[in-house]
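Just so we're on the same page: letters track the sequence lines, and every chain starts at 1. Model, not experiment: these values are computed from the prediction.
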There are 2 protein chains.
Amino acid sequence: MTTEVMSEDVAGGPAKPMRADARRNYERLVDAARRVFAEHGGDASMEAIAKEAGVGVGTLYRHFPKRIDVVEAVYRNDVDTLIDAADRGMLDPGPWDALASWLRAYVDYAQAKKVFLNELHEAFDKNPELKLDSRERIWASCDRLLVRAQEAGEARCDINGEDLMQLVSPMCVHATLDPAQSERLLAMVLDGLRPPPEAAPRLDPRQH
Amino acid sequence: MTTEVMSEDVAGGPAKPMRADARRNYERLVDAARRVFAEHGGDASMEAIAKEAGVGVGTLYRHFPKRIDVVEAVYRNDVDTLIDAADRGMLDPGPWDALASWLRAYVDYAQAKKVFLNELHEAFDKNPELKLDSRERIWASCDRLLVRAQEAGEARCDINGEDLMQLVSPMCVHATLDPAQSERLLAMVLDGLRPPPEAAPRLDPRQH
DNA sequence: TTGAAAAACGGAGGGACCCTCCGTATACTA
DNA sequence: TAGTATACGGAGGGTCCCTCCGTTTTTCAA
């Protein structure tokens, strides 16, 4: 896991570990919120989230004083999951498959994000570092997987992780995009990412 | 005026004229909504808008069945005002001054829009033609004013209206931009838009 | 001018939602 | 195991969107 759930995690204080029941409920709430947002949209009610988690609203508000804090927690958790997936992918024996399946995970992540994009923008406005840090971490993960595939000769070398994300993210953001279409587009991108058949000399984008 | 306030304006039916009191209240409500959004943000309450207009909420809801309809009406009215200003500018004796002051009006319009951007995005999602039509009308207005200034030799000729809007609109969208800064930037753009001192041969962007 | 029909007005109130408060229950610690 | 710090639950206050319907105003034909 990338982050440990602690009290006063953000303030950076002594961070006494949470009581067992509190920690259990925290995790239940984040998972419940993700499900409820996915089903009812970004304007789902706090009551619905608490109910889905099998918990009272008081408990929900103890962990997340404002509605926006729930959105932020779901987002942070999604990003962490994505980074963890990349870290696990680095241990995968097949560098190409690791990259391909991580990109699929990324597309899923981005599509899930769309449902509460408005709320997320609010969170970004309140806390710009959240957006910048997350993007940087995701791009770095992509780059690690890509470099490994390139070094194994399984991906073309004239593309870097930032390029790849710049290509794939806007695709996911677009409003009218169903999962089947995104799967087709991603397949095309992956084919294009393979080393070209003839071994013409190419520039390394990382040199300059 | 670009649009006449009628009942069933959108449906395109026979459009019986509104009763005098209804029309008066409709206009009061749109003006009040603009003021209230500007002061309290895009999440201002319907009650506040009705109160500002000196009208009951029932009247507000008769004219605008849903909250989003108020947002749309304010936006349409703003766009109409902008187009009207361009039309009046076409009669202005000074083509350059007409263009410059219309661009200032555009920047004001865009800045005012920022305060309820979230709500506007909802309206665009519900009704994509609203966004496309408005943009096209605004761009066309810009182009008319620019062409006239170019034909009078008061603006450089290697830029068209679409180029100009593509330069100025993103500037307005950016979140951290105060009016003073936008005035400075616009002044710079206007200076750059003047015909260059030396009469070097230039391409006409409208040729291809 | 007048009187009746059509149209619009106003605001109480229903339902949903965010968030608070505090009595009760549970998990840690000595 | 007893005591305490911590967490839980949900009733309810305040706000907001929107509906409903009795009242008022405007319009227009006679």
**Asked** Taking A/Arg137 as the fixed residue, which of A/Asp87, A/Asp84, A/Asp80, A/Asp143 is the one that meets the salt bridge (Lys or Arg N to Asp or Glu O under 4.0 Å) rule?
**Response**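 In the set A/Asp87, A/Asp84, A/Asp80, A/Asp143, the residue that makes a salt bridge (Lys or Arg N to Asp or Glu O under 4.0 Å) with A/Arg137 is A/Asp80.
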**Item:** Basic-acidic side-chain contact under 4.0 Å: B/Asp21, B/Arg24
**Value:**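 Looking at B/Asp21 and B/Arg24, the cut-off is not met.
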**Request:** Run the salt-bridge test on A/Arg76 and A/Glu72 with the 4.0 Å N-O cut-off and return the result as yes or no.
**Result:**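 So A/Arg76 pairs with A/Glu72 through a salt bridge.
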**Item:** Ring-face cation contact, B/Trp139 with B/Arg144, 6.0 Å cut, 45° max
**Value:**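 That pair does not qualify as a cation-pi contact.
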**Asked** When the distance from CD of A/Glu119 to P of C/dC18 is rounded to whole Å, what number comes out?
**Response**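 For the pair A/Glu119 CD and C/dC18 P, the rounded distance is 10 Å.
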**Prompt:** What integer distance in Å separates B/Glu27:CD from C/dA8:P?
**Reply:**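 It is 14 Å, rounded to the nearest whole Å.
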**Asked** Looking at A/Asn25, A/Leu29, A/Asp69, which one forms a side chain to side chain contact (heavy atoms under 4.5 Å, CB included) with A/Leu60?
**Response**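 The residue from A/Asn25, A/Leu29, A/Asp69 that satisfies side chain to side chain contact (heavy atoms under 4.5 Å, CB included) with A/Leu60 turns out to be A/Leu29.
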**For the student: nearest non-hydrogen atoms of A/Glu154 and A/Pro195, plus distance** =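 For A/Glu154 versus A/Pro195, the nearest heavy atoms are O-CD, 3.3 Å.
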**Prompt:** If every non-hydrogen atom of A/Ala98 is compared with every non-hydrogen atom of A/Leu145, which pair is closest and at what distance?
**Reply:**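 Where A/Ala98 meets A/Leu145 most closely, the heavy atoms are CB-CD2, 4.1 Å.
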**Item:** A/Asn25 side-chain N/O to D/dA7 phosphate OP1/OP2 under 4.0 Å
**Value:**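 Looking at the OP1 and OP2 atoms of D/dA7, neither is under 4.0 Å from any side-chain N or O of A/Asn25.
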**Prompt:** Heavy atom of residues 30-52 of chain A under 4.0 Å from DNA chain D: which residues?
**Reply:**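 Within this stretch, nothing sits under 4.0 Å of the strand.
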**Message:** What residues from residues 57-68 of chain A pass a heavy-atom cutoff of under 4.0 Å to DNA chain D?
**Reply:**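 Here the set is A/Val57, A/Gly58, A/Thr59, A/Arg62, A/His63.
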**Asked** When every nucleotide of nucleotides 24-30 of chain C is labelled 5' to 3' by its protein contacts under 4.0 Å (heavy atoms), B for base, S for sugar-phosphate only, - for none, what sequence of letters results?
**Response** --BSS--
**Message:** With salt bridge (Lys or Arg N to Asp or Glu O under 4.0 Å) as the rule and sequence neighbours excluded, what pairs involving residues 88-104 of chain A come up?
**Reply:**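 Listed once each, the pairs are A/Arg104-A/Glu183.
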**Request:** Could you list the residues that satisfy ring-ring contact (aromatic ring centres under 6.0 Å, His included) with B/Phe124, not counting sequence neighbours?
**Result:**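 Result, ring-ring contact (aromatic ring centres under 6.0 Å, His included) vs B/Phe124: B/Tyr75.
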Report all side-chain donor-acceptor pairs from residues 43-57 of chain A shorter than 3.5 Å, counting only partners two or more places apart or in another chain.
residue, atom, partner, partner atom, Å
A/Ser45, OG, A/Ala48, N, 3.1
A/Glu52, OE2, A/Arg35, NE, 2.7
A/Glu52, OE2, A/Arg35, NH2, 3.1

